[in-house]
*Asks:* 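First, the structure itself, so that you have it in front of you.
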Amino acid sequence: MTATTAPEQSTAELGTTRLSNGRVLSYALGDVANNLSFQMTSMFLMIYMTDIVGIQAGIAGAIYAITKVWAGVSDLIAGSTVDKANTRWGRLRPWLLWGSTPLAIVFVLLFSTPAGLSPALAVAWIFIFDALFQLCYSFVNIPYGSLSAAMTQDSVDRSRLSGARAIASAITGVALSAVVAPQFSDTTADGVRLTFLVTTVVLGAIALGLYLICFRNTREVVPRGTGTINLRRTLTMVRHNKPLLVLCVGAFFLLSANFTMNAVGMYYARSVLGGAAHYTWLMLAQTVGTITAASLVSQMTVRFGKRKAYMVMASFAVVAYALAFLVPGGSGSLFIAIIAWLLLGVGLGGTNALMFSMQADTVDYGEWKTGIRSEGGSYSILSFVRKVGQGIGGAIGGAVVGAFGYAAGAPEQSAHAIVGIKLATGAIPAVLALVAGLVLSFYPLTADQHRSLVQELNQRRARNAAVDQGLDDQAMTPVSDGRDLVVTLPAVGGTGTVPPVVTIFAQYGSGASVIAPALAERLGVPFLDQVFSHDVLAAARDPRVATPNRWGRFLSSFSEAGSSDAEIARAAFQSSDHRMVMENTQALVSAVRGGGVVLGHNAQAVLARAVGVLHVRLTSPVEKRTERVSYLTGLPADLALERLSHDDRVRAEMSIRLHQLDPNDDTHYDLVINTATFTFEQAVEAIVDVYHRKYPNHPAGADHAPVPTP
């Protein structure tokens, strides 16, 4: 008998060095730089066009719409271009250096429209420089968003990077509104254009400095894994992917609602609430709501499922928009408006997080339905639809306030104009958000369906791996449990049977490290040890298995609730997971060609339908396992329990994340043994006995010395 273990890899090869806080902060500062320009245009460009440049609201909305749609096209152009760079600094970081200066220049010019231009030239100025801004922004933001996936494969560090980025974005939005919003109190004052010129020059200079810090203090250590997007294959997948189509339609209406309100939010604060500075309080309330949503989404998903949770969160947005419309007006209404924006943060943060979680599920569905897996292409489709929704929303906002007689620069608006502002801020977005929720009621992919199709994908991958190794036409021993995948060679002697294979999943401290190799000896087959030892998991440094703690989970969920433009990074993360699944499947099928006892490797998922395989789970009460871990490691009981809990959690989360299979669910096993009531030798004997009773035609294993029990 031979023993097979996972190949050793050095710490350097695994990239196990945890990212320093300074490196995480430097990455987050890059998003501060991004949002100094992006949020400036999202929040204030519309009112700048109408109240300072003098462009009619309807025309301003049309510009907003066209340039946002163009932003979606720019993202696709940038996404297909940035990977072509190959410098000593990497593929992504150089774009922060090359693109930041043109971006800052165009940003300043966008908010520096000269006085005295004719209406046509003023429109042309804004349109040209907004279009250039969107293009430059794509060539900085796309590589920046992808950089986190290139900096680390560690799930904990990914959460730290994404969470830090989201927090930086939220803080930037509130701080920017505090600085800029008061400048719209009187847009007819002398020198207002100069004020905006100085403001944007300062913001642009700060952004350049932050981009430089991000460039200098980040590193690319992970090869890009998403590959080139094949548009034809992606469209084929999308055409047959009903869940993705429904999700995109819902995203269109939801983003239209958000940006209808977003485009005219400053009008609302100044004309309905009575003060431009009130906008800062609204932004702060929305940020608090987004943070609240981060803590609610995971529990709601477990309780209601993603579709229902999405609809519940969308209802928060509907209520928030309706409340904003019903605010009577005046500074006394500020508290009610703050409540509305708080609820809006919950609704938008929750739906945004769920949208990207559901998007990941539709990638699996696309592969299951069409055989085409396209993380990058699928995420790009959603990103483009979101940008179109943003543009349409801005156009609606501008058209409505213009149609109701908004008077640019006027100290007070007519009652009719205020109705238009309230319609654009509240009533119309409420209808659009309601439509978004109703659309998602047709989302056809339930949690059980997704879990089932992922299990089928696991079976396909295992079968394909077996076919690649020429095992598809081997003789099979008939079995009564529906298993039909042959992954092992026929036994010597032409009996038509296959060598035994036993998979073992064990809770830490249940004795698997003794039982599994002894079982392999008894059956006369190789032993395949788990890839990640308990010591590795205790250190939580391996980039393929590290999972976030409570704070890391919060950061991860907050990052999804607060971010809307990191689709490529998400695609890279998911592509990395898929590649890990495929590599593990190939390696596992190859390792058990001649039979084997497999500890870990998610083998109960990969070999679920393999002929002649017995799936075993070893468990034991927590108190007994803690005692064993303490004995084996020398740790005091409290630290042994902490290590045990961490080990169990990491292994379970890996299986759920990669295979949609809860390894602690006993229905996935043929045999579950409580090793607190068996000696280790008895456990081995029980497994051997059950194996031969289930598969009686297999040759008996050799007798060996008793198995030691500590």
Side-chain angles (χ1 to χ4, degrees), residues 33-82 95 98-142 180 184 187 192-205 207-208 211 259 262-264 266 384 387-399 401-402 408-409 565:
N34 274 342
N35 281 285
L36 287 176
S37 59
F38 177 77
Q39 294 202 38
M40 182 73 175
T41 58
S42 295
M43 294 189 294
F44 303 118
L45 181 59
M46 181 75 77
I47 196 169
Y48 172 82
M49 287 191 283
T50 59
D51 284 38
I52 295 178
V53 181
I55 297 175
Q56 294 179 10
I59 297 176
I63 294 174
Y64 197 97
I66 295 171
T67 54
K68 281 295 182 184
V69 175
W70 164 242
V73 177
S74 297
D75 283 351
L76 296 177
I77 295 173
S80 63
T81 303
V82 295
W95 294 98
W98 302 334
S100 56
T101 298
L103 175 62
I105 292 173
V106 173
F107 169 65
V108 172
L109 290 172
L110 176 59
F111 285 93
S112 303
T113 310
L117 292 180
S118 67
L121 287 178
V123 169
W125 180 284
I126 293 290
F127 180 79
I128 290 172
F129 284 110
D130 193 13
L132 289 174
F133 169 79
Q134 302 296 345
L135 182 64
C136 292
Y137 182 77
S138 292
F139 272 90
V140 173
N141 183 58
I142 292 295
V180 178
F184 288 97
T187 55
V192 67
R193 289 179 184 254
L194 179 61
T195 300
F196 268 89
L197 174 60
V198 172
T199 300
T200 52
V201 168
V202 171
L203 293 176
L208 281 175
Y211 279 130
F259 273 75
N262 203 46
V264 298
M266 268 302 305
F384 181 78
K387 290 292 176 67
V388 174
Q390 292 173 10
I392 297 300
I396 292 173
V401 298
D565 58 356

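Heads up: numbering here begins at 1 and tracks the sequence.
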*Asks:* Among all residues two or more places apart in sequence or in another chain, which pass the ring pair (Phe, Tyr, Trp, His ring centres under 6.0 Å) test with Phe184?
*Replies:*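 Per chain and number, Phe184 pairs via ring pair (Phe, Tyr, Trp, His ring centres under 6.0 Å) with Phe44, Phe196.
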
*Asks:* I need the minimum non-hydrogen distance between Pro114 and Leu117, along with the two atoms involved.
*Replies:* O-CG, 3.5 Å

*Asks:* Please list all pairs meeting salt bridge (Lys or Arg N to Asp or Glu O under 4.0 Å) that have one or both residues in residues 40-65, counting only residues at least two apart or in different chains.
*Replies:* Asp51-Arg270

*Asks:* Is any side-chain heavy atom of Tyr48 less than 4.5 Å from a side-chain heavy atom of Thr113?
*Replies:* yes

*Asks:* Measuring from atom CH2 of Trp95 to atom SG of Cys136, what distance do you get when rounded to the nearest 0.5 angstrom?
*Replies:* 11.0 Å

*Asks:* Using the side-chain hydrogen bond (donor to acceptor under 3.5 Å, both in side chains) criterion, which residues pair with Thr50? Sequence neighbours excluded.
*Replies:* Tyr267

*Asks:* Report yes if some heavy atom in the side chain of Thr195 is under 4.5 Å from a heavy atom in the side chain of Val198; otherwise report no.
*Replies:*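 Counting from C-beta outward, Thr195 and Val198 never come under 4.5 Å.
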
*Asks:* Show me the donor-acceptor pairs, under 3.5 Å and distance only, between side chains in residues 57-69 and residues at least two apart or in other chains.
*Replies:*
from	atom 1	to	atom 2	distance (Å)
Thr67	OG1	Ile63	O	2.8
Thr67	OG1	Tyr64	O	3.3
Thr67	OG1	Asp130	OD2	2.8

*Asks:* So how far is it from Met43 CE to Asn262 CG, rounded to the nearest 0.5 Å?
*Replies:* 7.5 Å

*Asks:* Can you tell if the side chain of Trp98 reaches within under 4.5 Å of the side chain of Val140, non-hydrogen atoms only?
*Replies:*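 No, side chains not in contact.
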
*Asks:* Excluding sequence neighbours, so at least two apart, what forms side chain to side chain contact (heavy atoms under 4.5 Å, CB included) with Leu132?
*Replies:*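 Per chain and number, Leu132 pairs via side chain to side chain contact (heavy atoms under 4.5 Å, CB included) with Val106, Ile128, Phe129.
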
*Asks:* Would you name the heavy atoms of Ile55 and Ala122 that are closest together and state the gap between them?
*Replies:* CD1-O, 4.0 Å

*Asks:* List for me each residue that meets side chain to side chain contact (heavy atoms under 4.5 Å, CB included) alongside Ala207, sequence neighbours excluded, and say none if there are none.
*Replies:*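 Ala33, Leu36, Tyr211.
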
*Asks:* Going by side-chain hydrogen bond (donor to acceptor under 3.5 Å, both in side chains), name the residues that satisfy it together with Thr200, two or more places apart in sequence or in a different chain.
*Replies:* none

*Asks:* Hey, can you tell me if Phe38 and Tyr137 have their rings parallel, tilted or perpendicular (30° and 60° cut-offs)?
*Replies:*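 Ring orientation, 0 to 90° scale: parallel.
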
*Asks:* Listing request: all salt bridge (Lys or Arg N to Asp or Glu O under 4.0 Å) pairs with a residue in residues 34-50, at least two apart in sequence or in separate chains.
*Replies:*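 Matches after skipping sequence neighbours: none remain.
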
*Asks:* Once you round to the nearest 0.5 Å, how far does CG of Leu194 lie from OG1 of Thr199?
*Replies:*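 Output value for this atom pair is 9.0 Å.
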
*Asks:* Side chains of Leu103 and Phe133: does their closest heavy-atom pair fall under 4.5 Å?
*Replies:* yes

*Asks:* What pairs meet the salt bridge (Lys or Arg N to Asp or Glu O under 4.0 Å) rule with one or both residues in residues 106-125, with sequence neighbours excluded?
*Replies:*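 Qualifying pairs: none.
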
*Asks:* Do Phe259 and Ser42 have side chains that approach each other closer than 4.5 Å (heavy atoms only, starting at C-beta)?
*Replies:*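 Yes, at least one pair of side-chain atoms sits under 4.5 Å.
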
*Asks:* With rounding to the nearest 0.5 angstrom, report the CD to CZ distance, Gln134 to Phe139.
*Replies:* 13.5 Å

*Asks:* Sequence neighbours left out, what passes side-chain hydrogen bond (donor to acceptor under 3.5 Å, both in side chains) with Ser100? Give chain and number order.
*Replies:*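 By the side-chain hydrogen bond (donor to acceptor under 3.5 Å, both in side chains) rule, Ser100 matches no residue at all.
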
*Asks:* Give the minimum heavy-atom separation between Ala263 and Gly394, together with the two atoms involved.
*Replies:*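 Taking Ala263 first and Gly394 second, the nearest heavy atoms are CB-CA, 4.0 Å.
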
*Asks:* With sequence neighbours excluded, what pairs up with Trp125 under the side-chain hydrogen bond (donor to acceptor under 3.5 Å, both in side chains) test?
*Replies:*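 Partners of Trp125 under the side-chain hydrogen bond (donor to acceptor under 3.5 Å, both in side chains) test: none.
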
*Asks:* Once you round to the nearest 0.5 Å, how far does OG of Ser74 lie from CG of Asn141?
*Replies:* 11.5 Å

*Asks:* Between CG of Leu203 and CG of Leu208, what distance do you get to the nearest 0.5 Å?
*Replies:*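 Spacing of CG (Leu203) from CG (Leu208) equals 11.0 Å.
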
